[in-house]
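Shown next, in structure tokens, is the structure this report addresses.
The sequence lines fix the lettering, A, B, ..., with proteins before strands; numbering per chain opens at 1. For clarity, every value in this text was computed on a predicted model and none was experimentally measured. Side chains are part of it too, since the values below use all heavy atoms of this structure and drop only hydrogens, waters and symmetry mates.
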2 protein chains.
Amino acid sequence: MTTRKGEETKARIVEAALDLFRERGYEETTMRAVAERAGVSQGNAYYYFKGKEYLLQAYYHRMQEDHIEAAQRVLDTETDLHARLLGVLNSKLEVIEPYHRFSGLLFRQAADPKSPLNPFNDQSAEARQEGINMYAQVLEGAKIKIPADIAPHLPGLMWTYSMGIVLFWLHDDSEGRQRTHALAEQTCDLVVKVIKLLSNPLLRPLRKSALRVLESIQVQLKPTPTDP
Amino acid sequence: MTTRKGEETKARIVEAALDLFRERGYEETTMRAVAERAGVSQGNAYYYFKGKEYLLQAYYHRMQEDHIEAAQRVLDTETDLHARLLGVLNSKLEVIEPYHRFSGLLFRQAADPKSPLNPFNDQSAEARQEGINMYAQVLEGAKIKIPADIAPHLPGLMWTYSMGIVLFWLHDDSEGRQRTHALAEQTCDLVVKVIKLLSNPLLRPLRKSALRVLESIQVQLKPTPTDP
DNA sequence: GTCTATAACCGGATAGAC
DNA sequence: GTCTATCCGGTTATAGAC
């Protein structure tokens with residue numbers, strides 16, 4: 001059980017860490033400095049956070065919350081699929097921009113299969129689901145027909161695609177991230193085209209192959225719950 | 001300039017590190033232990049390797065060499081595209097299997113945009129090119145027609161695809177990595193089908209969109225050399 | 001110049017008293 | 001829940017040997 005005071009202390013530590021990360025970057029921020037700014041002892045900081053990387057995680061969650069909020073504005077107003085998708089992507093890029101400097105570290109951590117930040121493992125199922133849901137919303141609000149067989153897979157695919165864009169952004173040092181924005185726009189086009197194309201009955205065999213692939217990935221991504 | 005004795009010392013350090021990594025894993029291996037097993041002082045190890053992660057890099061390079069060798073046997077014998085591609089993928093999976101336990105760390109490091117292991121940045125251009133060349137070979141030796149416009153992009157795409165398979169493998173804890181092998185086979189199928197499909201003149205507009213995307217990525221992947 | 005060793009530093013993490 | 005004291009291991013400074 002955690003007390004009121006505990007919550008406050010924890011919040012102070014997060015704030016201190018986030019401030020320092022933004023000021024100097026992650027590596028240059030010591031746990032000693034975080035503790036000092038939060039007004040607690042170093043040891044106490046470890047009472048609330050198992051390690052330094054867990055503070056990074058706090059950062060990550062905040063970004064996701066901010067994105068959900070920013071994307072909602074787009075989803076509430078746009079009705080065209082292309083506009084909705086691009087709007088959601090752009091709001092993502094906007095939200096993460098301040099952290100470009102060290103989000104490489106986030107990715108780095110996220111790449112470790114054992115990391116709680118890794119989008120592919122079970123621990124982060126909730127966060128992943130939130131992300132996927134967002135793209136389900138993107139599709140729902142759009143006036144477009146989607147073949148029933150691929151429909152359930154599409155949000156997950158789009159979410160994966162959005163991670164690809166973020167990966168590109170990570171390496172993008174162009175002025176104002178123009179390259180990433182250009183890529184988002186072009187690929188958005190492509191995605192919409194492919195979705196429309198997939199309805200074509202001539203492509204049914206290809207769609208079936210693709211579906212089989214998706215299903216075998218799915219098993220690993222969302223293991224079927226073992227019944228009692 | 002480095003002397004003969006220097007080379008030998010360096011090799012001893014790599015061997016010591018690689019042995020220890022395999023025995024206990026990366027995190028559990030201390031630089032002190034590596035130095036001791038190599039019969040050098042801890043400080044001396046740092047004369048040869050800027051840091052612990054550079055020893056990991058040695059591991060990585062060895063894996064790549066092994067893969068090139070293993071793949072060659074496939075490329076020399078098979079002529080069918082599907083068989084060639086699947087053969088190369090399987091040889092990759094075979095080579096990396098002993099390191100499954102900690103290759104997550106490799107990926108983790110590779111995900112950092114500044115890391116020399118990151119396949120997308122300039123420092124690793126050479127290693128990337130080697131990988132891409134392998135898939136160029138896969139295509140060359142196969143009896144198949146490829147539309148001229150996408151031909152130059154295909155090896156790079158296939159290399160990227162192979163990294164996707166490795167990423168999946170990383171998270172695969174199934175018996176004998178059956179899931180990854182199943183995925184490789186299925187996606188291999190799919191890739192071959194898509195390549196054939198892309199030749200269809202009806203898909204020209206889609207291909208054009210895709211090409212534009214590929215070109216904007218390319219700029220970042222291989223920046224055009226500035227002329228003098 | 002190339003190589004090697006010793007000693008120290010620094011910061012993340014932990015133990016244990018209060 | 002909070003602190004102090006300590007550990008541990010990656011890294012660096014530096015001095016000297018070949």
### Task
Classify the nucleic acid contact of B:Gly6 as base, sugar-phosphate or nothing, counting any heavy atom under 4.0 Å across all strands shown.
sugar-phosphate

## Note on the structure
B:Glu53 atom CD is separated from D:dT11 atom C1', nearest whole Å, by 12 Å

### Task
Provide, to the nearest angstrom, the distance between the CD atom belonging to A:Glu28 and the P atom belonging to C:dG12.
11 Å

### From A:Phe107, A:Tyr26, A:Tyr59, A:Trp169, residue fulfilling ring pair (Phe, Tyr, Trp, His ring centres under 6.0 Å) relative to A:Tyr99
A:Tyr59

### Query
Roughly, in whole Å, what's the span from CD in B:Glu27 to P in D:dC8?
17 Å

### Query
Do the side chain of B:Gln42 and the base of D:dT11 come within less than 3.5 angstrom through a donor-acceptor pair of N or O atoms?
yes

### Task
Tell me which nucleotide among C:dT14, D:dT2, C:dC3 gets nearest to the side chain of A:Tyr47.
D:dT2

### Task
Between C:dA13, D:dG1, D:dT11, spot the one nearest the side chain of A:Lys52, thanks.
C:dA13

#### Entry: Spacing between A:Leu20 atom CG and C:dG11 atom C1', to the nearest angstrom
15 Å

### Message
Under 4.0 Å from OP1 or OP2 of D:dC3: is there any side-chain N or O of A:Asn44 that close?
### Response
yes

### Message
Using a 6.0 Å distance limit plus a 45 degree cone around the ring axis, check whether A:Lys52 lies over the aromatic ring of A:Tyr46.
### Response
no

### Note, A:Tyr47 side chain near A:Ser41 side chain (heavy atom, < 4.5 Å)
no

## Note on the structure
Testing C:dG12, C:dC3, D:dG9 for proximity to the side chain of B:Arg32, the answer is D:dG9

### Query
Just how far, in rounded Å, is P of D:dT12 from OH of B:Tyr54?
10 Å

### Query
Has A:Lys5 got a side-chain N or O lying under 4.0 Å from the OP1 or OP2 atom of D:dT2?
yes

### Query
Does a side-chain N or O from B:Thr3 land closer than 4.0 Å to OP1 or OP2 of C:dC3, or not?
yes

### B:Glu15 bridged to B:Arg62 by N-O distance under 4.0 Å
yes

### Task
Go through the side-chain N and O atoms of B:Asp173 and B:His100 and say whether any donor and acceptor fall under 3.5 Å apart.
no

### Message
With a 4.0 Å cutoff (strictly under), does any side-chain N or O of A:Tyr46 reach OP1 or OP2 of C:dA15?
### Response
no

#### Entry: 5' precedence on DNA chain D between A:Thr9 and B:Thr29 (nearest-nucleotide basis)
A:Thr9

### Task
Could you check which of C:dG11, D:dG10, C:dA5 has an atom nearest any side-chain atom of B:Val40?
C:dA5

### Task
Take atom CD of B:Glu8 and atom P of C:dT2, then tell me their distance rounded to the nearest Å.
17 Å

### Summary
Rounded to whole Å, the CZ-P distance (A:Phe49 to C:dG11) equals 21 Å

### Task
Measure from the side-chain heavy atoms of A:Ser41 and tell me the nearest of C:dG12, D:dC3, D:dG9.
D:dC3

### Query
For the pair made of CE in B:Met31 and P in C:dT4, what is the distance, rounded to whole Å?
15 Å

